Amino acid sequence: MPELPEVETIRRGLEGFCLNKKIVQVKVSCEKSFIGAENDIVGRSIVKIRRFGKALVMDLSGGLSVICHLRMTGQLIYRGAGVQGVKTDGVGLQDLMREDSFAGGHPTDSFFTELPNKQTRVEIKFEDGSKLFFNDQRKFGFMKVLATTGVESEKFIASLAPEPWKMTDEEFYQRLQRHKNALIKAVILDQKVVAGLGNIYADEALFYAKIHPKRLAGSLNFDEAKLLIEGAKKVMKESIESGGSTMATYVKADGTKGDYLKLFAKVFRREGEPCLRCGEIITKIRVVGRGTHICPNCQKEGGEND
DNA sequence: CTAGGATCCTGTCAGC
DNA sequence: TGCTGACAGGATCCTA
């Protein structure tokens, strides 16, 4: 899914477009994707948009909130009134890049094609005619209506660990020790250990710290743990600054499609290409059931590097 | 309590 | 062309 930087980028985008807009209609085309009664949010305005790890929370007037988790393939796409989708050959794409449309999440052509489409699970219409589409190919994501007062006690949010920049190096090191027999990649993907990392940023952070993803968490010394949390902060901040995976980063200046990963990824989906640090060929392996990208020279399985 | 694997779901792509 | 299996930017549930 969209990881922390993507969700933060969406949060900022929606804050600019949807704040104080009144919901006049909600269409749910997949029951699984919307928990609660859609009519409960009709007539309410979005008053605040928050983020907890990878979860987005839209606070509505009258004490209700909507939690949105995009999981693997979720997207949130905002279209101003009258903005139409376009063909994906680049023709007319500039129309979609207007100041009153926005999209973020799992990057696909749905960012700019006609909506709703086959993957649209929820469609929210605002008073001014603009719309917010929740698209999700695999249906792992969801929107859930609940009382605003209950947001922070919602199971997933309550058990969330702090984000990397709210954790001291010492605390991170201690947290790793609680999972000393698990593979380090599995541990940093665990949102109860540190919030925000997903498959991309886990690989990037491990590369930054020159740590092999299959090492046991307990084998890292304090300096390695420090470097790892530092890498996590760095790669996620860089991505937020470049706009996460949004329409803007999915489309290049000339209107053709680009690859937003190229903006910052040093190992993710770079298998077969040379390591930007040492020139060794990046390889892809499997760790805890996830595709994992490493530089076999910078990240040695045996133990500490350098 | 921890660790690892299966599972939810749809779509795409490589290999036959 | 059509089929099959692997895999995918996540997290939970079940088992040992």
Side-chain angles (χ1 to χ4, degrees), chain A residues 1-10 29-33 35 52-56 67-76 104-111 113 117-121 134-144 154-161 175-207 213-218 232 235-236 238-240 242-246 249-250 259-272 284-293:
Chain A
M1 129 181 162
E3 307 178 30
L4 187 151
E6 283 69 49
V7 181
E8 175 58 20
T9 303
I10 291 173
S29 42
C30 175
E31 291 304 316
K32 185 178 190 287
S33 305
I35 302 162
F52 295 87
K54 305 178 192 174
L56 193 73
I67 294 182
C68 181
H69 202 306
L70 301 175
R71 292 281 179 95
M72 295 279 262
T73 54
Q75 311 170 304
L76 285 170
H106 190 242
T108 72
D109 287 350
S110 293
F111 280 177
T113 54
N117 66 16
K118 202 176 170 186
Q119 296 165 2
T120 301
R121 310 303 177 201
F134 170 40
N135 272 30
D136 185 16
Q137 179 190 117
R138 293 174 74 180
K139 300 183 180 176
F140 291 167
F142 60 88
M143 281 182 162
K144 178 176 180 176
E154 179 73 7
K155 202 172 164 191
F156 172 79
I157 293 176
S159 61
L160 216 49
R175 282 170 174 270
L176 295 188
Q177 300 315 304
R178 273 190 253 156
H179 303 269
K180 53 181 163 41
N181 295 317
L183 306 186
I184 186 62
K185 175 155 176 177
V187 176
I188 61 171
L189 283 173
D190 186 344
Q191 305 298 299
K192 298 178 190 68
V193 174
V194 55
L197 292 166
N199 208 31
I200 297 178
Y201 302 102
D203 282 4
E204 294 297 324
L206 288 164
F207 171 77
K214 282 190 173 175
R215 283 184 53 195
L216 297 186
V235 296
M236 291 204 291
E238 273 178 17
S239 179
I240 291 171
S242 74
S245 69
T246 56
T249 51
Y250 191 50
D259 180 357
Y260 101 102
L261 284 171
K262 295 217 182 327
L263 296 174
F264 66 88
K266 294 189 170 52
V267 285
F268 198 83
R269 292 202 190 136
R270 286 196 69 245
E271 62 269 30
K284 185 175 177 182
I285 59 176
R286 205 143 188 90
V287 183
V288 288
R290 312 294 302 272
T292 300
H293 311 73

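Worth saying up front: this structure is predicted, and the values here are computed from it rather than measured. Quick note on labels: first sequence line is chain A, next is B, and so on, each numbered from 1.
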Quiz item: Looking at A:Q137, A:K139, A:R138, A:H106, which one forms a side-chain contact (heavy atoms from CB on, under 4.5 Å) with A:M72?
Solution: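 Only one option passes, and that is A:R138.
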Quiz item: With rounding to whole Å, what would you report as the distance between C:dC3 and B:dC9 at their P atoms?
Solution: 23 Å
With heavy atoms under 4.0 Å as the rule, sort [X] into base, sugar-phosphate or nothing.
{"X": "A:Y201", "result": "nothing"}
{"X": "A:R269", "result": "base"}
{"X": "A:G291", "result": "sugar-phosphate"}
{"X": "A:Y260", "result": "base"}

Measure [atom1]/[X] against [atom2]/[N] and give the value in whole Å, please.
{"X": "A:D136", "N": "B:dT10", "atom1": "CG", "atom2": "P", "value": "10 Å"}
{"X": "A:K139", "N": "B:dT7", "atom1": "NZ", "atom2": "P", "value": "19 Å"}
{"X": "A:K185", "N": "B:dG5", "atom1": "NZ", "atom2": "C1'", "value": "16 Å"}
{"X": "A:E271", "N": "B:dC13", "atom1": "CD", "atom2": "C1'", "value": "14 Å"}
{"X": "A:D203", "N": "C:dG10", "atom1": "CG", "atom2": "C1'", "value": "14 Å"}

Practice problem: For the residue pair A:F264 and A:Y201, categorise the inter-ring angle as parallel (less than 30°), tilted (30 to 60°) or perpendicular (more than 60°). | Solution: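 Plane angle under 30°, so parallel.
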Quiz item: With a 3.5 Å cut-off and no angle check, do the side chains of A:S110 and A:N117 form a donor-acceptor pair?
Solution: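 Yes, because at least one side-chain N or O of A:S110 sits under 3.5 Å from a partner of the opposite role on A:N117.
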Quiz item: Is there side-chain contact between A:V7 and A:I10, with heavy atoms separated by less than 4.5 Å?
Solution: no
Self-check item: Base-pairing mate for B:dC9 - Watson-Crick or G-U, with both contacts under 3.5 Å
Solution: none
Quiz item: Between the base of C:dG10 and the side chain of A:Q191, is there a donor-acceptor distance below 3.5 Å?
Solution: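 Absent.
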Quiz item: If you check every side-chain atom of A:R138, which of C:dA11, C:dG9, B:dT10 has the closest atom?
Solution: B:dT10
Quiz item: Any stacking of A:F140 on C:dA11, going by centres under 5.5 angstrom and planes within less than 30 degrees?
Solution: no
